[in-house]
Asker: 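First the structure, which I've put down as structure tokens, then a few questions once you've had a look.
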Amino acid sequence: MIRQLLVIFLFFTVGLHATVTLTNEKQKYDEFTIHYLYDENNQLEINDVEKIDFTTVIPSQFTQGYHSGTSWFKIDLNNHSHIENFVLYFTEPLWSKLDLYTLNNGSWGTQENGLNVSIKERSIQDNNPAYKLHILPGQNRTYYIKGQTIAGHLGEFQIFTEEEFFKPTRISITEKYTIYLGLLFLILLLNIYYFIRIKDRIFAYYIAYILSFIVFICMKSGFYLSYGFAGWNEGLHVVGTFVVIFLVLFSNRFLEMKKRIPLIDKFFKLSVAIIVVFALLISQDIPNSSLLFNIYSSLVFTVLLVVSFKVWYQGLIGARYYLMALIIYMPAMGLMTLTFNGLIDNTDISRYAFLVGSFVEILFFSLILTNKYNEVNLQKIHMQQKLLKTKKKKEKSLKNKITQNTNDLIVINERLVKKTEELEIIKEQLTEDISERIEAESEVKKQKSILHYQAHHDSLTELPNRVLFSARLKQEIKKAKRLESGFALFFIDLDKFKEINDSLGHDTGDEVLKIVARQLQISIRKEDTLARLAGDEFTIIMEDVADQKDISILAHDILNILSEPMQVGEHILYISSSIGISLYPKDANDAENLLKYADTAMYRAKENGRNNFQFYSPEMTRSVMEQMKMKSSLRQALDNNEFQVLYQPQIDLTNNKIIGLEALIRWQHPTKGLLTPKKFLSLAEETGMIVEIDQWVMHTAMKQVVKWRNEGLDPGLLALNISMKQLEDINLIYDIQNSMKVHNFKPEWLDLEITEGHMMKNAVEIINKLKQISDLGIGISIDDFGTGYSSLSLLKRLPINKLKIDKSFIQDIPEDEEDIAIINSIIALARSLNLDIIAEGIETLEQANFLISKKCMCVQGHYYYHPLSDTELTTVLSNQNKSTFNS
């Protein structure tokens with residue numbers, strides 16, 4: 001509307017004498033008016049046109065809808081610059097004819113251009129029409145352009161100085177399209193890979209859709225002209241029909257119309273045939289065929305929108321992303337359709353909205369197919385696990401058969417012994433039979449020895465298995481009791497061994513276990529026993545331990561030897577181990593408890609960061625039991641409303657007013673009383689409940705802040721701590737937006753705090769997610785700053801507003817010079833990055849005065865306020881309001 005009013009204004013103010021004035025100040029002219037004349041019957045020539053008064057003035061960026069005749073454009077130039085050479089540039093390559101007429105010495109010279117003229121024959125060799133203009137300083141010249149196209153009278157005239165047009169750094173329209181094509185090609189390669197791996201027809205439709213869209217972009221940009229291909233005026237619309245065809249086929253397959261709505265499935269298949277007919281009609285230049293195709297396409301996409309809502313409601317996986325893509329794509333396609341038909345003005349938005357919308361749609365569809373690819377891979381993994389279980393069942397059956405065969409052989413052996421006694425009586429008469437019996441007995445003993453070995457040793461590493469280990473452990477206990485000596489039991493578990501099996505395969509994992517077995521065998525003494533219990537679990541019985549130092553030395557040796565790089569095939573692998581150690585008779589005097597306590601100590605080693613060893617202590621068992629009880633209680637805490645939110649005010653020292661609140665969770669445990677987060681948040685992380693707890697805190701705190709504000713109280717910013725699990729949750733941004741919408745909570749009231757250590761994990765993903773949160777208008781702070789290891793380059797890339805000085809640097813000031821130096825550095829860093837800063841943990845007046853001297857005026861701590869309940873804080877805020885009013 002604004003553009004139309006501008007054109008009307010120009011028409012009345014400039015009249016029929018629209019002139020482009022060239023000055024020294026501008027290198028490019030892209031917003032001016034030109035004269036326009038439509039020759040419906042295609043009868044006028046240049047000598048006729050120069051005598052006609054043009055009565056229509058249009059913008060240089062224009063659209064006139066579909067026409068079959070000839071369009072004439074008149075451009076008046078007035079050169080007030082010192083430059084002589086200019087270039088007239090047209091940004092639309094799909095005109096079959098676009099010739100420039102210039103009057104020189106009484107005769108008309110022509111620069112031919114358009115699809116009918118090859119690039120080599122043009123005055124300026126560019127995919128889009130371009131013309132050389134020579135105008136002396138102070139001279140006025142008039143140019144006429146004769147144009148013919150059926151692709152819609154669409155385009156934009158631009159005028160450059162010759163130096164600007166041929167500048168190497170200028171990015172042309174064709175180059176922008178080339179970048180766009182490159183992105184599409186990368187997406188195409190990704191989906192070709194998926195198709196090769198899965199061979200699902202939906203990937204074939206999607207690949208065809210992207211290919212047809214790439215051809216569409218090549219047509220739209222004129223990119224193909226630079227390779228000597230002939231121009232095709234109807235080609236853009238023909239290719240556009242195939243883009244729609246493959247999009248319909250892909251959508252029909254993805255939305256499962258054949259199974260869910262068979263009638264719509266038939267409609268889509270019929271639509272494909274109808275669109276093919278439209279493609280033939282458009283290729284033959286049948287009048288109004290493009291317009292009818294656009295109308296029918298709108299109908300098809302409307303049906304797609306309706307059925308996608310339905311299948312989303314029915315719970316189809318990925319339907320939400322498909323619906324979002326369609327909602328973005330349809331308005332973009334509508335803008336392009338309306339522009340080509342001349343129903344709205346040609347602007348950068350209307351011309352390029354389709355390309356942007358289509359690219360977003362393609363990205364969403366790729367996300368859908370990526371999910372499908374991952375889903376199929378997951379099914380394969382489940383199938384492999386099922387086969388593994390079947391294999392284990394067969395192995396168990398085989399072991400049973402071996403046991404049965406062993407028993408049978410024992411019976412046979414007893415019979416043979418009895419037979420031998422009988423044969424002794426008639427030894428002289430049956431010498432030959434006795435020889436055969438001796439031979440048979442020898443074979444039985446050999447088989448018995450083999451079966452006994454197999455039943456007591458691991459087939460992979462040839463180490464003693466769990467059966468033999470248990471027997472030797474009991475034997476060692478008896479021996480130690482008799483000799484009144486002691487021994488140590490090592491329980492060894494390889495760290496992250498499952499990742500090797502998952503990434504490199506079980507064959508590589510088996511080779512790793514063999515190497516580990518050999519290295520452990522080398523590490524121990526001859527009298528010690530090494531066994532493999534199962535998987536990546538090994539045990540060592542270290543006999544006759546005189547000094548506990550010997551046990552530690554062996555544990556260190558094992559850790560060191562297993563930390564060395566390991567060559568497995570073409571791979572160099574680095575592994576480590578966690579070791580738990582129990583002692584006889586100090587920890588237990590029976591096999592079952594010795595093994596259980598060594599296992600418990602091993603898990604404590606893993607909790608302490610892996611690649612270390614731990615001796616068992618009774619506190620470990622009590623700690624494990626206590627953690628199990630706490631985990632069980634934690635699962636009931638949300639349902640029983642045992643959590644509560646306290647709020648610690650943040651103070652501005654310039655006026656001692658509350659400027660914000662940090663929401664802090666507490667657990668009112670039924671038997672243990674009020675617990676701080678240190679007592680239970682690590683368990684919440686371990687059990688996965690941290691996300692639910694964080695969401696509960698967010699809802700509760702937002703609801704309370706809105707209540708205060710509705711009562712006329714001003715609590716300032718709400719600061720919420722975000723856990724790593726919550727940052728990794730794909731629904732985080734949706735949950736935040738939903739919470740704000742439910743409680744009518746404004747983004748500018750919210751400040752999210754992320755600890756410094758979280759930034760170093762998946763830094764790229766964290767930065768992208770934080771940028772999305774920042775774009776919502778929500779503030780982001782770094783909590784406990786100075787305690788982590790973030791780099792300055794990473795800090796500069798983060799969309800943060802505030803640094804929060806950790807209380808560990810505050811507690812010893814102003815006496816501790818090192819803490820003072822750190823605080824000075826953090827404050828200087830914040831100011832250099834233009835960030836706000838707040839200090840937490842203020843507990844004394846001296847600490848507050850020190851921060852005031854450093855102009856750190858925002859603080860938080862017990863000196864001012866302890867964490868308060870909502871009722872207590874309501875009283876504080878009310879008193880602050882009264883104080884402000886009275887002052």
Side-chain angles (χ1 to χ4, degrees), residues 14 16-24 26-39 42-62 69-93 95-149 153 155-166 222 231:
V14 182
L16 300 180
H17 303 288
T19 302
V20 182
T21 301
L22 308 175
T23 66
N24 291 328
K26 294 186 68 175
Q27 303 296 310
K28 176 184 177 183
Y29 304 81
D30 56 0
E31 291 185 4
F32 51 88
T33 56
I34 58 177
H35 299 288
Y36 176 70
L37 175 67
Y38 178 54
D39 179 12
N42 195 20
Q43 295 178 344
L44 299 177
E45 297 296 334
I46 183 61
N47 292 325
D48 302 321
V49 171
E50 69 170 325
K51 300 173 184 178
I52 297 175
D53 290 331
F54 284 62
T55 59
T56 302
V57 177
I58 62 173
S60 61
Q61 184 171 344
F62 63 88
T70 300
S71 293
W72 287 89
F73 306 95
K74 177 182 177 183
I75 300 177
D76 293 326
L77 299 184
N78 188 354
N79 190 5
H80 285 184
S81 71
H82 64 272
I83 302 170
E84 298 181 3
N85 296 314
F86 297 85
V87 173
L88 177 62
Y89 188 63
F90 190 67
T91 62
E92 177 60 62
W95 286 56
S96 56
K97 184 181 185 65
L98 204 68
D99 298 338
L100 177 74
Y101 290 89
T102 308
L103 187 62
N104 292 314
N105 299 324
S107 62
W108 290 98
T110 306
Q111 294 184 50
E112 295 185 348
N113 217 314
L115 294 177
N116 295 338
V117 180
S118 67
I119 291 181
K120 292 182 179 180
E121 296 173 344
R122 300 179 184 182
S123 58
I124 296 179
Q125 295 182 2
D126 194 276
N127 295 336
N128 291 275
Y131 315 89
K132 295 181 178 180
L133 306 180
H134 183 74
I135 314 173
L136 295 175
Q139 185 179 17
N140 300 331
R141 302 203 68 169
T142 298
Y143 298 90
Y144 291 90
I145 297 127
K146 180 180 181 181
Q148 295 176 347
T149 180
H153 280 43
E156 178 184 11
F157 285 108
Q158 299 175 354
I159 299 174
F160 295 83
T161 64
E162 191 174 74
E163 179 184 3
E164 177 67 18
F165 184 80
F166 291 106

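Heavy atoms only: backbone and side chains are in, while hydrogens, waters and symmetry mates are out.
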Asker: Hey, could you give me the CG/NZ distance between Leu37 and Lys146, rounded to the nearest 0.5 Å?
Answerer: 12.0 Å
Asker: Check the angle between the aromatic planes of Tyr101 and Trp108 and answer parallel, tilted or perpendicular using the 30° and 60° thresholds.
Answerer: perpendicular
Asker: Other residues, nucleotides and ligands only: do more than 12 of their heavy atoms fall within 6.0 Å of CD on Glu84?
Answerer: yes
Asker: Ignoring hydrogens and geometry, is there a side-chain-to-backbone donor-acceptor pair from Arg141 to Leu133 under 3.5 Å?
Answerer: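 Absent.
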Asker: Consider only side-chain N and O atoms of Thr70 and Asn42, and report whether a donor and an acceptor are under 3.5 Å apart.
Answerer: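 On atom types as modelled, these side chains qualify, holding a pair under 3.5 Å.
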Asker: Shortest non-hydrogen contact from Ala130 to Ser123?
Answerer: O-OG, 3.6 Å
Asker: Would you say the side-chain atoms of Asp99 pair up with the backbone N or O of Asn113, donor to acceptor, closer than 3.5 Å?
Answerer: yes
Asker: Any idea how Phe62 and Phe73 line up, ring-wise: parallel (<30°), tilted (30 to 60°), or perpendicular (>60°)?
Answerer: tilted
Asker: Would Thr91 and Asn128 count as a side chain to side chain donor-acceptor pair (under 3.5 Å) if you check the C-alpha gap in whole Å, the side-chain angles of each, and the deciding distance to 0.1 Å?
Answerer: CA-CA 6 Å; Thr91 62; Asn128 291 275; 6.0 Å; no
Asker: Only counting residues at least two apart or in another chain, list the ones meeting side chain to side chain contact (heavy atoms under 4.5 Å, CB included) with Glu31.
Answerer: none
Asker: Do you know which two heavy atoms are closest between Val87 and Glu162, and how far apart they sit?
Answerer: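 Heavy-atom minimum between the residues: CG2-CA, 4.2 Å.
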Asker: For a 4.5 angstrom cut-off between non-hydrogen side-chain atoms, does His134 reach Leu136?
Answerer: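 Result yes, sub-4.5 Å side-chain heavy-atom pair found.
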Asker: Under 3.5 Å, side chain of Asn79 to main-chain N/O of Ile135, donor-acceptor pair present?
Answerer: yes
Asker: So if I apply the side-chain contact (heavy atoms from CB on, under 4.5 Å) rule between Leu88 and each of Tyr143, Phe165, Tyr131, Phe160, which one comes out positive?
Answerer: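 Answer to the side-chain contact (heavy atoms from CB on, under 4.5 Å) test with Leu88 among Tyr143, Phe165, Tyr131, Phe160: Tyr131.
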Asker: How many angstroms lie between atom CZ of Arg122 and atom CG of Leu98, to the nearest 0.5 angstrom?
Answerer: 9.5 Å
Asker: Please check if the side chain of Gln61 supplies one atom and the backbone of Gly155 the other of a donor-acceptor pair under 3.5 Å.
Answerer: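 Such a contact is absent between Gln61 side chain and Gly155 backbone.
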Asker: Tell me the closest heavy-atom pair linking Lys28 and Gln158, and the distance in Å.
Answerer: CE-OE1, 3.7 Å
Asker: Is it true that a side-chain atom of Asn24 and a backbone atom of His82 form a donor plus acceptor pair closer than 3.5 Å?
Answerer: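 Side chain of Asn24 to backbone of His82, a donor-acceptor pair under 3.5 Å: yes, one is there.
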Asker: Give me the atom names and distance for the closest heavy-atom approach of His35 to Asp76.
Answerer: NE2-OD2, 3.7 Å
Asker: Among Phe90, Tyr89, Tyr29, whose ring-ring contact (aromatic ring centres under 6.0 Å, His included) with Phe157 holds?
Answerer: Phe90
Asker: Output all residues satisfying side chain to side chain contact (heavy atoms under 4.5 Å, CB included) with Val49, sequence neighbours left out; order by chain, then residue number.
Answerer: Leu44, Phe54, Trp72, Tyr144
Asker: Roughly how far, to the nearest 0.5 Å, is CG of Asn85 from CD of Glu163?
Answerer: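 One gets 11.0 Å once the value is rounded to the nearest 0.5 Å.
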Asker: Tell me the closest heavy-atom pair linking Ser81 and Thr23, and the distance in Å.
Answerer: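 Smallest heavy-atom distance, with atoms named: CB-C, 3.5 Å.
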